[in-house]
Undergrad: 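Sending over a structure as structure tokens; questions will come in a sec.
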Amino acid sequence: MSKLTLPHGHPYENGRTCTTCGVFKPASEYKLERDSRASGGIAMRSKCRPCNEFRSYKAHIKRNYGISYEEYEAIRSKQGGKCAICGNESNNNSRTYDRLFVDHCHETGKVRGLLCSSCNHALGLMKDDTKLLKLAIDYLNENHTQHP
């Protein structure tokens, strides 16, 4: 399947203003779709990619964790914009790897806080098991070597 491109003379050939952020952006910043009703059979979304991704993320945290984006921001603010475990700061932009992840109890679904990617993955790999985490700490303490 070939990549969709706007035909010459399309009304949005040079770009458009995003209906969410209100910024004029080039056509490359928007998703294109086939639509027989649109000019040249190609339609351009009204939201730019970053605004659409942000909308999707807000829906994701509501659907998966039961919290609104406002609740997410309140938790983030309470944590000072930092990971609840290691204290690394988040840029909280649209790039997933810069965002703090919602940490939750897999048994109850209760949100515990926000974590950086590394801490979130570490807890997941240790299956949220405090005994396993303690064993890992003991292992590191017993096998800690001093470097000259």
Side-chain angles (χ1 to χ4, degrees), residues 1-137 139-140 147:
M1 185 163 100
S2 63
K3 183 179 176 184
L4 292 178
T5 56
L6 292 174
H8 182 67
H10 191 281
Y12 298 125
E13 182 177 12
N14 295 319
R16 71 179 299 171
T17 301
C18 173
T19 58
T20 300
C21 66
V23 176
F24 184 88
K25 295 183 180 181
S28 61
E29 290 289 316
Y30 295 87
K31 184 175 180 185
L32 303 177
E33 301 170 327
R34 294 191 188 285
D35 186 339
S36 60
R37 300 166 295 168
S39 176
I42 305 291
M44 179 188 288
R45 291 270 176 110
S46 62
K47 292 176 178 59
C48 66
R49 289 180 193 275
C51 286
N52 195 47
E53 288 169 8
F54 182 60
R55 181 199 56 76
S56 294
Y57 182 68
K58 291 192 300 187
H60 165 78
I61 62 172
K62 184 66 173 174
R63 181 179 59 253
N64 290 300
Y65 308 112
I67 63 171
S68 67
Y69 188 72
E70 290 74 21
E71 291 169 302
Y72 171 93
E73 278 298 311
I75 297 167
R76 186 175 172 275
S77 178
K78 182 178 176 186
Q79 291 180 198
K82 298 177 180 182
C83 172
I85 294 176
C86 72
N88 281 340
E89 287 194 47
S90 161
N91 293 328
N92 205 42
N93 62 29
S94 62
R95 296 186 314 235
T96 302
Y97 56 86
D98 283 340
R99 191 182 291 142
L100 291 174
F101 291 78
V102 178
D103 176 47
H104 67 288
C105 174
H106 289 257
E107 290 179 20
T108 65
K110 183 179 182 296
V111 172
R112 297 185 284 217
L114 304 178
L115 305 177
C116 69
S117 178
S118 296
C119 290
N120 188 49
H121 284 95
L123 286 185
L125 290 170
M126 291 292 205
K127 301 174 179 58
D128 294 349
D129 185 335
T130 56
K131 290 177 186 170
L132 190 56
L133 286 163
K134 170 103 173 63
L135 289 171
I137 291 167
Y139 170 82
L140 289 173
H147 293 286

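Only heavy atoms go into these numbers, but all of them, side chains included; no hydrogens, no water, no symmetry mates.
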Undergrad: Quick one, S28 and R49 - any side-chain contact, counting heavy atoms below 4.5 Å?
TA: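 No, their side chains stay 4.5 Å or more apart.
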Undergrad: Measure the spacing between CZ of R63 and CD1 of I61 and express it to the nearest 0.5 Å.
TA: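 Going from the CZ atom of R63 to the CD1 atom of I61 covers 10.5 Å.
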Undergrad: Taking the six-membered ring for Trp, are H104 and H106 ring centroids under 6.0 Å apart?
TA: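 Centroid distance H104-H106: below 6.0 Å, so yes.
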Undergrad: Taking atom CG of L135 and atom OG1 of T130, what is their separation to the nearest 0.5 Å?
TA: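 That separation rounds to 9.5 Å.
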Undergrad: For I75 and G113, which heavy atoms make the closest approach, and how far apart are they?
TA: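 It is CG2-CA, 4.2 Å.
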Undergrad: How many angstroms lie between OG1 in T20 and CG in N52, if you round to the nearest 0.5 Å?
TA: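 T20 atom OG1 to N52 atom CG measures 8.0 Å (nearest 0.5 Å).
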Undergrad: Side-chain donor-acceptor pair under 3.5 Å between S56 and E53, yes or no?
TA: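 No donor-acceptor contact under 3.5 Å links the two side chains.
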Undergrad: Tell me, do L123 and L133 make a side-chain contact under 4.5 Å, heavy atoms counted?
TA: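 A side-chain contact exists here, since the closest heavy-atom pair is under 4.5 Å.
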Undergrad: Does any part of the side chain of K62, heavy atoms only, come nearer than 4.5 Å to the side chain of I67, both counted from C-beta?
TA: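 No; the side chains remain at least 4.5 Å from each other.
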Undergrad: From H10 NE2 over to T5 OG1, what is the distance, rounded to the nearest 0.5 angstrom?
TA: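 Taking NE2 in H10 and OG1 in T5, the distance rounds to 10.5 Å.
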Undergrad: Between K131 and D129 (salt bridge meaning N to carboxylate O under 4.0 Å), is one present in this structure?
TA: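 No.
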Undergrad: Would you check if S118 and C86 make a side-chain contact, meaning some heavy-atom pair closer than 4.5 Å?
TA: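 Contact flag for S118/C86 side chains = no.
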Undergrad: Do you know the tightest heavy-atom contact between A84 and L115?
TA: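 The answer is CB-CD2, 3.9 Å.
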Undergrad: Under a 4.5 Å cut-off applied to non-hydrogen side-chain atoms, are R16 and S46 in contact?
TA: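 Yes; the side chains approach each other to less than 4.5 Å.
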Undergrad: Could you report the tightest heavy-atom contact between K47 and T19, atom names first, then the distance?
TA: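 The answer is CG-OG1, 3.9 Å.
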Undergrad: Quick one, L114 and V102 - any side-chain contact, counting heavy atoms below 4.5 Å?
TA: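 Yes, close enough: below the 4.5 Å cut-off.
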Undergrad: Would you indicate whether K82, at its atom NZ, is surrounded by more than 12 heavy atoms from other residues, nucleotides or ligands within a distance under 6.0 Å?
TA: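 No, the 6.0 Å shell around NZ holds no more than 12 heavy atoms from other groups.
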Undergrad: Is there a side-chain contact between D128 and C105 in this structure, where contact means two heavy atoms from C-beta onward sitting under 4.5 Å apart?
TA: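 Result no, sub-4.5 Å side-chain heavy-atom pair not found.
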Undergrad: If you draw a 6.0 Å radius around OH in Y30, do more than 12 non-hydrogen atoms from other residues or ligands fall strictly inside?
TA: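 More than 12 heavy atoms, drawn from other residues, nucleotides or ligands, come within 6.0 Å of this atom.
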Undergrad: Atom CZ in R34, atom CD1 in I42: separation rounded to 0.5 Å?
TA: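 Separation between the atoms: 5.0 Å.
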Undergrad: Ring centroids only, cut at 6.0 angstrom: are Y72 and Y69 within range, meaning strictly under it?
TA: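 Here the rings of Y69 and Y72 have centres that are less than 6.0 Å from each other.
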Undergrad: Which atoms form the tightest heavy-atom contact between L6 and E13, and what is the distance?
TA: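 Where L6 meets E13 most closely, the heavy atoms are CD1-CA, 3.9 Å.
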Undergrad: Donor-acceptor pair, distance only, cut-off 3.5 Å: does the side chain of E71 make one with the backbone of S68?
TA: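 Yes: the side chain of E71 pairs with the backbone of S68.
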Undergrad: Rounded at 0.5 Å granularity, tell me how far SG in C116 sits from NE2 in H121.
TA: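 Rounded to the nearest 0.5 Å, the SG-NE2 separation comes to 10.0 Å.
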Undergrad: List the atom of C48, the atom of C18, and the distance in Å for their closest heavy-atom pair.
TA: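 Heavy atoms only, the tightest pair is N-SG, 3.3 Å.
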Undergrad: Indicate yes or no: at least one non-hydrogen side-chain atom of R99 is less than 4.5 angstrom from one of Y57.
TA: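 A side-chain contact under 4.5 Å exists here.
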Undergrad: Looking only at heavy atoms, what is the nearest atom pair of G40 and P7, with distance?
TA: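 For G40 versus P7, the nearest heavy atoms are CA-CG, 4.0 Å.
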